[in-house]
Structures are given as structure tokens and as C-alpha cells.
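Take a look at the structure below.
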Amino acid sequence: SSLPLEFLEYLESRLSQIKQAAIEDYANGRLDGDEALVGILTLVADTRHLLAQRRKLMAGENPAATQAPQWNLAAA
């Protein structure tokens, strides 16, 4: 199933708001520890990446063609 483009844009906007709120909360001492901020920012970045892949799928592109190569270190 495909997400409507408007919903993707809404999610991207909310991610920006969440990121900004996390940075402000950290700056104002409302987040306890660096790990909390790093965790939130990592989740935001990962989710943005997934939304970008979904957007490419909706545009008919192959997201695998634009990804960095995955190295199989276990096979080395």
C-alpha cells in the first residue's frame, strides 16, 4: 500500500518539529544526558531516510540503486 504524498510531507514536517523540540529541550536541560538527544536524533534521521525511500518508490525510482553498498563482512 502506498502513502499519500501529503501524508509523507506531514510526517517529514513532524520529524523536523520533533528534532527542533529535542534540541531545544536538551539546550534547556529538559533532556537528561547526551544519550537521550543522540537517540532521538538517530531515530529522526533513520525515519527520514525511510520516508525518502518511500518517496522514491512513489516516484517510480529504485531506492536500492541510490543506497551505499552493503558490505558483507561475515563473508570476508
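Just so you know, these numbers use all the heavy atoms, side chains as well, and skip hydrogens, waters and symmetry mates.
- Transitive grouping of hydrophobic side chains (ILVMFWY, heavy atoms separated by less than 4.5 Å) brings Leu51 and Met58 into a common cluster.
- Residue Asn28 qualifies as enclosed at atom CG: its count of foreign heavy atoms under 6.0 Å is above 12.
- Here the straight-line distance linking atom CZ of Arg54 with atom OG1 of Thr47 works out to 12.5 Å at 0.5 Å rounding.
- Counting heavy atoms from C-beta on, the side chains of Ile23 and Lys19 come closer than 4.5 Å.
- A distance of 11.5 Å separates CG in Leu15 from CG in Leu41, rounded to the nearest 0.5 Å.
- Scanning for side chain to side chain donor-acceptor pair (under 3.5 Å) contacts around Ser16 gives Arg48, with sequence neighbours left out.
- Atom CZ of Phe7 and atom CZ of Arg14 lie 11.0 Å apart (nearest 0.5 Å).
- For Asp46, the side chain to side chain donor-acceptor pair (under 3.5 Å) criterion is met by no residue, not counting sequence neighbours.
- For the pair Leu43/Ile18, no side-chain contact is recorded, criterion being any heavy-atom separation below 4.5 Å from C-beta on.
- With a 4.5 Å cut-off on side-chain heavy atoms, Leu31 and Ile40 count as touching.
- For the side chain to side chain contact (heavy atoms under 4.5 Å, CB included) test, residues two or more places apart in sequence or in another chain that qualify with Arg55 are Leu5, Leu8, Glu9, Glu12.
- Under the 4.5 Å side-chain criterion, counting only non-hydrogen atoms from C-beta, Asp34 is in contact with Tyr26.
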